[in-house]
Amino acid sequence: MGPDDISRFHQTLEGRMKESNRSSNVPRFVKRVELVQKQTIMHYQTQESQPFLKIVVALPTMVASCRGILERGITIEGLGSKSFLTYESNILFALRFMIDCNIVGGNWIEVPAGKYRKAARVMSYCQLELDCLFSDLVSHAAEGEYSKMAPFRILSFDIECAGRKGHFPEPTHDPVIQIANLVTHQGEGQPFVRNVMTLKSCSPIVGVDVMPFDTERDILLAWRDLIREVDPDIIIGYNICKFDLPYLIERAEVLKIAEFPILGRIRNSRVRVRDTTFSSRQYGVRESKDVTIEGRVQFDLLQAMQRDYKLSSYSLNSVSAHFLGEQKEDVHHSIISDLQNGNSETRRRLAVYCLKDAYLPQRLLDKLMYIYNYVEMARVTGVPISFLLSRGQSIKVLSQLLRKAKQKNLVIPNIKGQGSGQDTFEGATVLEARAGYYEKPIATLDFASLYPSIMMAYNLCYCTLVPPEDARKLNLPPESLNKTPSGEIFVKPELQKGILPEILEELLAARKRAKADLKEAKDPLERAVLDGRQLALKVSANSVYGFTGATVGQLPCLEISSSVTSYGRQMIEHTKKLVEDKFTTVAGYEHNAEVIYGDTDSVMVQFGVSTVEDAMKLGREAADYISGTFTKPIKLEFEKVYFPYLLISKKRYAGLYWTNPEKFDKMDAKGIETVRRDNCLLVKNLVTECLHKILVDRDVPGAVQYVKNTISDLLMNRVDLSLLVITKGLTKTGEDYAVKAAHVELAERMRKRDPATAPTVGDRVPYVIIKAAKGAKAYEKSEDPIYVLDNNIPIDPQYYLENQISKPLLRIFEPILKNASKELLHGSHTRSVSISTPSNSGIMKFAKKKLTCLGCKAIISGGSQTLCPHCKGREAELYCKTVANVSDLEMLFGRLWTQCQECQGSLHQDVLCTSRDCPIFYRRRKAQKDMAEARLQLDRWDF
DNA sequence: TCTCAAACCTAA
DNA sequence: TCAGTTAGGTTTGAGA
């Protein structure tokens with residue numbers, strides 16, 4: 001292509017752009033077409049650079065349409081028809097801008113003196129507004145003064161709506177009645193604004209600005225004014241993205257308050273709400289709403305929790321209990337209207353509740369150091385902070401890759417469809433597990449950052465890969481090439497240093513620095529920054545390999561990922577062999593070492609010695625010796641000793657974890673029920689307790705006894721309902737399920753009861769298994785715990801024994817105890833069973849209840865209301881027993897009630913809380929039921 | 001009763 | 001328009 005061809009190309013492209021954007025009356029689409037010297041990142045290239053066409057269009061949105069035209073192909077006069085591979089044509093504009101200006105997320109930017117002037121036309125609601133050429137901006141690396149956190153203004157808020165009876169609030173019907181707000185300067189312990197906007201009067205609350213309004217319209221506008229005045233940088237809350245913010249916007253639409261949704265920093269720019277779904281294997285499917293508020297970051301703590309922690313419940317209540325050790329009152333939405341329609345005292349009550357819901361997200365933000373961790377993640381990976389919650393892992397790697405590529409004058413092709421060649425590849429080796437209970441110390445050897453170090457050691461990268469056809473063509477010297485165990489060829493660094501290895505080196509070096517600085521740092525704020533940074537650096541390094549293997553991603557390269565795993569497989573086999581060959585009695589060691597297990601980057605070795613100290617010594621020796629046989633920077637480290645060690649199977653084990661020979665650090669469990677979210681607490685607690693008794697106390701009979709007691713309690717119906725709640729994630733929408741499952745069917749039934757509160761995709765569904773006809777499937781027996789509690793439905797203890805408890809227990813006890821099954825599951829403790837009567841379902845509706853004797857439970861046939869003739873003589877004794885029973889239960893209920901009152905923060909008000917995540921709630925409800933029943937029995941003594 | 005696949009969740 | 005990887009154990013429904 002010569003200069004004339006370029007100008008013809010320009011004209012043709014301009015014409016095609018006009019055709020496909022007929023509706024817009026843009027004078028010119030393609031601003032410039034330049035010839036530039038660049039190189040593609042794909043494959044090792046012998047020449048320095050080659051010519052590329054750089055196309056500059058008038059608006060960001062035109063990039064996509066331009067790309068489409070070029071990919072489909074255009075006909076240029078004199079050159080014929082040609083379709084083009086485009087490069088870097090699929091990059092979000094904000095990211096493109098940041099990369100070009102060398103700006104990273106969470107960055108400090110300087111507008112140098114003399115390079116700006118007062119804004120010619122005010123276009124924003126910002127406190128300072130000025131005009132400056134983008135190229136004059138100075139981006140500062142996060143070092144020294146510039147590593148400090150900005151004093152962000154953070155607004156935490158929560159709204160309450162008055163739903164109709166039995167319905168979840170909907171913006172088309174139900175008014176917003178309260179909004180609680182806290183505004184805090186990042187880093188300060190206390191909010192400097194604390195208010196609650198209420199519909200109608202509300203009694204005063206100490207330390208809070210209570211702002212009553214007559215109409216809902218006034219509330220909404222007051223809130224908008226608050227946003228305008230406080231001008232928050234970050235808006236936080238719990239579930240604000242999916243609920244509170246869209247609700248406010250939609251409500252304002254319904255009320256026709258046109259001036260409400262101007263909440264961003266761009267003057268007169270309206271907030272837009274859009275439905276979005278996010279789906280990835282890591283985070284699952286998640287439906288939410290995309291709310292655009294320019295200039296303010298929305299940080300929804302619910303989203304953050306779901307991404308960062310694997311919990312069995314994500315309710316604000318459960319999360320607060322978990323991280324803050326604090327419960328919150330959970331008022332069911334159907335009660336909210338009653339409180340609103342009461343008086344200023346009941347509305348005050350609601351306001352206190354609303355304030356707490358605004359306060360807890362702020363506490364979580366502080367406690368988990370979210371600002372530090374996310375700002376550091378943004379700084380390390382270069383993406384804007386908002387991407388960290390709204391986008392996946394790959395954008396972070398891509399951002400780093402694009403930045404590095406720009407430095408090296410490389411461009412990244414926009415490859416559509418599947419990557420090169422096959423679409424799956426072999427992963428890591430998991431060594432055969434020699435299951436058993438080990439009473440000798442087991443040393444663990446680990447490769448440090450295995451996959452990153454392989455990529456660095458063998459220079460694996462897009463730009464060092466030599467495809468087979470090139471290998472023949474280019475005639476490269478064999479000594480400059482590496483052939484990977486999977487058969488791929490990469491050039492050595494002498495010829496071309498890979499940019500992935502370079503990124504990884506920088507990440508790991510920066511992590512080392514951060515960790516060293518962390519050791520020195522005294523100031524807690526500085527420590528928070530550094531700790532957040534080292535974590536971000538580690539996570540980033542580990543996700544590079546995943547990025548190359550993501551076939552549906554931006555730039556898959558299975559040659560790289562399959563090479564990485566193939567080296568990994570070779571290395572773990574090599575390590576196992578070396579350990580077993582070197583540490584032998586023949587070579588003068590006391591015992592023959594045995595590798596009893598290993599997974600991906602670790603091997604577990606039984607050296608045969610009986611003290612932790614000796615195992616550590618040999619572990620260190622082995623790690624040093626074996627490290628020497630690998631290419632740098634691959635390193636095998638001795639990490640810990642397990643003693644004793646219970647190996648159940650691949651990916652499942654438990655043991656005491658020792659890093660110094662004096663005392664163990666902790667009990668560690670992998671893969672077994674204690675660390676899984678889909679088991680009920682009863683199983684979790686039981687297994688944890690047994691492991692503790694076996695491993696720590698070395699008390700097997702004690703563990704057995706504990707199991708027996710638990711099983712007996714279960715069968716006698718003495719177990720709290722909260723311990724029987726099983727939770728499972730809803731991973732797809734109803735009709736996509738091929739088979740029926742307990743949690744899916746329950747979600748479906750709940751949807752029929754109340755579509756608005758039923759679980760949806762991505763939610764976790766709690767359920768219990770209830771009694772039903774013999775042979776009924778589990779999915780027919782699952783029920784909502786609250787529903788079970790309210791309707792007094794009996795649970796199925798046998799199911800819990802056979803399908804939940806028994807197998808996990810046997811797996812633990814079998815290596816330790818002979819006849820485990822007989823002893824644990826069929827002993828005398830399984831004989832007494834409490835027969836519960838379903839009170840309101842099935843056949844019992846037609847059954848007539850017969851009175852039974854209060855002494856011996858025999859059916860009473862004649863006259864008496866209380867006792868059979870047999871027990872008549874014990875009248876006085878049995879009466880006293882009944883009275884005592886009632887008074888015990890009253891006391892129990894009273895204690896639990898007080899506990900709930902304390903939790904809600906007031907001792908002279910009714911308890912409204914119905915938190916399905918709180919064990920006290922279940923116990924309180926049960927005590928209430930038991931008490932009522934006991935009173936009925938007492939009433940039968942009619943003298 | 002056995003076998004297989006779907007679904008879930010975890011290890012690394 | 002976007003979505004990090006594979007290996008593996010366990011439970012359960014469904015059909016032979």
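In this text the structure is predicted, and so the values were computed from the model without any measurement. Note on naming: letters A, B, ... go to the chains in the order of the sequence lines (proteins, then strands), and numbering restarts at 1 for each one.
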Counting only side-chain nitrogens and oxygens, does [X] get under 4.0 Å of the OP1 or OP2 atom of [N]?
X	N	value
A:N90	C:dC2	yes
A:R281	C:dT6	yes
A:H743	B:dA7	no
A:K807	C:dT10	no
A:Y653	C:dG9	no
A:T600	B:dA11	no

Within-4.5 Å side-chain heavy-atom neighbours: A:R72 and A:S83: no
Base, sugar-phosphate or nothing for [X]? Non-hydrogen atoms, less than 4.0 Å.
X	result
A:R391	sugar-phosphate
A:Y737	sugar-phosphate
A:Y799	sugar-phosphate
A:R811	sugar-phosphate
A:A741	nothing
A:R764	sugar-phosphate
A:K651	base
A:S561	nothing
A:Y597	nothing
A:S649	sugar-phosphate
A:R677	sugar-phosphate
A:K732	sugar-phosphate
A:G546	base
A:V564	nothing

Tell me if the aromatic rings of [X] and [Y] count as close, with their centers under 6.0 Å from one another.
X	Y	answer
A:Y779	A:H743	no
A:Y374	A:F299	yes
A:Y438	A:F643	no
A:Y567	A:Y451	no

[X] has an atom [atom1]; how far is it from atom [atom2] of [N], in whole Å?
X	N	atom1	atom2	value
A:I672	C:dT10	CD1	C1'	14 Å
A:Y451	B:dA12	OH	P	12 Å
A:K740	B:dA7	NZ	C1'	16 Å
A:E802	C:dT12	CD	P	11 Å
A:F425	C:dT6	CZ	C1'	6 Å
A:R676	B:dA7	CZ	C1'	11 Å
A:L809	C:dT11	CG	P	12 Å
A:M571	B:dA12	CE	P	16 Å

Among [options], which nucleotide sits nearest the side chain of [X]?
X	options	result
A:D601	C:dT6, C:dG8, B:dA12	B:dA12
A:T731	B:dA11, C:dA7, B:dC8	B:dC8
A:Y779	B:dC8, C:dA14, C:dT11	C:dA14

Ion pair A:E376/A:R379, N-O distance below 4.0 Å: yes
Taking atom P in both B:dA12 and C:dG4, compute the distance separating them and give it to the nearest angstrom. 22 Å
Report the relative orientation of the aromatic rings in A:Y642 and A:Y653; use parallel for angles under 30°, tilted for 30 to 60°, perpendicular for over 60°. perpendicular
